[in-house]
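Here is the structure we will look at, set down as structure tokens.
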Amino acid sequence: MTFSLPDLPYAHDALQPYMSKETLEYHHDKHHLAYVNNGNNLLKGSEFEGKSLEEIVKGSFGKNAGLFNNAGQHYNHLHFWKWMKPNGGGKIPGALEKAIVDAFGSVDKMKEDFIQAGVTQFGSGWHWLAVQNGKIITMKTPNGESPLVHGAKAILGNDVWEHSYYIDYRNLRPKYCEAFINNLVNWEYVAEIYDAAIKSA
Ligand code: MN3
């Protein structure tokens with residue numbers, strides 16, 4: 001396969017005021033595009049040519065850092081755009097909400113733990129809700145890593161590289177993480193991935 005940049009599933013200004021048009025112009029149109037182009041160049045002639053994206057991410061982890069960084073970031077961003085929507089962060093679909101309450105005690109506690117994971121990820125990286133052994137957990141990973149290379153299945157992830165929030169929030173990463181979980185998340189998409197993860201477990 002070769003990597004290609006997907007269109008955003010909404011207009012560049014659709015997530016305002018929580019994520020600006022300017023942030024999405026840089027983040028999607030320039031940063032994600034760079035991962036796609038660099039990934040394609042590094043894939044050429046490598047042992048991973050012709051493999052699926054998930055196979056490339058898992059196979060290159062710990063073996064081919066240049067390819068992994070770009071393929072991993074491409075994989076993470078493909079989902080990241082879909083994990084957000086205009087007027088996001090509303091009601092969580094019933095079965096997912098129940099699983100969250102089972103795992104964390106309450107939706108508020110899940111949000112608190114998720115935000116804490118993002119705030120405490122030192123340097124660039126991501127924070128996650130993931131399914132591991134049938135249970136929803138929070139995780140944080142550096143750079144282009146994801147639950148996929150740590151034995152879990154991501155159902156929600158937020159990008160805490162500075163390119164994701166510095167235009168809108170400057171140094172206030174906690175404010176950005178709060179806005180993401182409260183006002184941007186597309187919970188219907190999270191529920192879709194959660195249902196598939198539970199069924200395939
Ligand atoms: Mn990014």
Side-chain angles (χ1 to χ4, degrees), residues 1-61 63-89 118 121 123-130 141-149 153-169 176-177 179-180 183-190 192-193 196-197:
M1 75 168 304
T2 54
F3 306 144
S4 61
L5 184 69
D7 288 335
L8 283 178
Y10 32 73
H12 286 79
D13 62 0
L15 301 183
Q16 302 195 107
Y18 304 106
M19 188 174 283
S20 67
K21 181 169 183 270
E22 189 183 0
T23 289
L24 284 173
E25 284 169 351
Y26 276 89
H27 196 178
H28 173 271
D29 302 3
K30 296 180 193 293
H31 287 277
H32 190 172
L33 180 63
Y35 299 131
V36 166
N37 291 337
N38 292 335
N40 282 330
N41 288 335
L42 291 162
L43 195 55
K44 240 175 263 164
S46 80
E47 64 184 298
F48 300 104
E49 242 181 327
K51 299 267 167 76
S52 74
L53 177 57
E54 290 203 5
E55 287 172 329
I56 295 166
V57 171
K58 283 198 272 194
S60 63
F61 181 57
K63 280 182 73 181
N64 181 334
L67 178 60
F68 172 78
N69 288 337
N70 287 283
Q73 282 290 72
H74 176 51
Y75 177 79
N76 293 347
H77 286 81
L78 282 179
H79 290 289
F80 182 57
W81 311 127
K82 296 195 272 187
W83 274 320
M84 300 185 286
K85 68 169 190 179
N87 303 309
Q121 169 52 41
S124 294
W126 294 75
H127 58 130
W128 309 91
L129 290 181
T141 57
N143 303 317
E145 293 180 25
S146 64
L148 181 63
V149 297
K153 169 77 184 164
I155 61 169
L156 176 67
N158 183 34
D159 186 340
V160 292
W161 286 56
E162 287 185 349
H163 66 225
S164 196
Y165 64 87
Y166 224 80
I167 290 171
D168 299 322
Y169 298 88
Y176 161 70
C177 293
F180 178 85
N183 302 104
L184 287 171
V185 174
N186 180 348
W187 285 112
E188 289 74 29
Y189 182 59
V190 177
E192 215 176 281
I193 303 180

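All heavy atoms count here, side chains included; hydrogens, waters and symmetry mates do not.
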Indicate yes or no for a side-chain donor-acceptor contact from [X] to the backbone of [Y] under 3.5 Å, with no hydrogens or angles considered.
{"X": "His27", "Y": "Thr23", "result": "no"}
{"X": "Tyr169", "Y": "Tyr18", "result": "yes"}
{"X": "Asp159", "Y": "Trp161", "result": "yes"}
{"X": "His28", "Y": "Pro6", "result": "yes"}

Of all residues at least two apart in sequence or in a different chain, which pass the side chain to side chain contact (heavy atoms under 4.5 Å, CB included) check with [X]?
{"X": "Gln16", "answer": "Asp13, Ser20, Lys21"}
{"X": "Tyr166", "answer": "Glu162, Arg170, Asn171"}
{"X": "Lys44", "answer": "Asn41, Glu49"}

Do you know the tightest heavy-atom contact between [X] and [Y]?
{"X": "Leu148", "Y": "Lys58", "value": "CG-CG, 3.9 Å"}
{"X": "Leu67", "Y": "Asn64", "value": "N-OD1, 3.1 Å"}
{"X": "Val36", "Y": "Ser4", "value": "CG1-CA, 3.9 Å"}
{"X": "Val190", "Y": "Ile155", "value": "CG1-O, 3.5 Å"}
{"X": "Gln73", "Y": "His77", "value": "O-ND1, 2.6 Å"}
{"X": "Lys82", "Y": "Leu78", "value": "CE-O, 3.6 Å"}

How far does [atom1] of [X] sit from [atom2] of [Y], to the nearest 0.5 angstrom?
{"X": "Leu42", "Y": "Ile56", "atom1": "CG", "atom2": "CD1", "result": "11.0 Å"}
{"X": "Leu24", "Y": "Lys30", "atom1": "CG", "atom2": "NZ", "result": "13.0 Å"}
{"X": "Leu53", "Y": "Lys51", "atom1": "CG", "atom2": "NZ", "result": "13.5 Å"}
{"X": "Ser60", "Y": "Phe68", "atom1": "OG", "atom2": "CZ", "result": "6.0 Å"}
{"X": "Met19", "Y": "Ile167", "atom1": "CE", "atom2": "CD1", "result": "10.5 Å"}
{"X": "Asp29", "Y": "Leu5", "atom1": "CG", "atom2": "CG", "result": "7.0 Å"}

Taking atom types as modelled, is there a side-chain donor on Thr141 or Trp128 under 3.5 Å from an acceptor on the other? yes
Check step by step if side-chain contact (heavy atoms from CB on, under 4.5 Å) holds for Glu22 and His12. CA-CA 8 Å; Glu22 189 183 0; His12 286 79; over 6 Å; no
What's the verdict on side-chain contact (heavy atoms from CB on, under 4.5 Å) for Asp168 and Tyr176, showing C-alpha distance, side-chain angles and the deciding distance? CA-CA 8 Å; Asp168 299 322; Tyr176 161 70; over 6 Å; no
Can you name the residues that form a ring pair (Phe, Tyr, Trp, His ring centres under 6.0 Å) with Tyr75, not counting sequence neighbours? His79
With sequence neighbours left out, write down each residue that passes ring pair (Phe, Tyr, Trp, His ring centres under 6.0 Å) with His74, or none if nothing qualifies. Phe3, His32
Between Lys63 and Glu47, is there a salt bridge with N-O shorter than 4.0 Å? yes
Around Tyr26, counting heavy atoms of other residues, nucleotides and ligands shown, do more than 12 lie under 6.0 Å from its OH? no
Check whether any side-chain heavy atom of [X] sits under 4.5 Å from a side-chain heavy atom of [Y], and report yes or no.
{"X": "Tyr165", "Y": "Cys177", "answer": "no"}
{"X": "Val160", "Y": "Ser124", "answer": "no"}
{"X": "Tyr189", "Y": "Leu156", "answer": "no"}
{"X": "Asn158", "Y": "Trp126", "answer": "no"}
{"X": "Lys153", "Y": "Ile193", "answer": "yes"}
{"X": "Gln121", "Y": "His127", "answer": "no"}

Please identify each residue that fulfils salt bridge (charged side-chain N to carboxylate O under 4.0 Å, His left out) with Glu55, with sequence neighbours left out. none
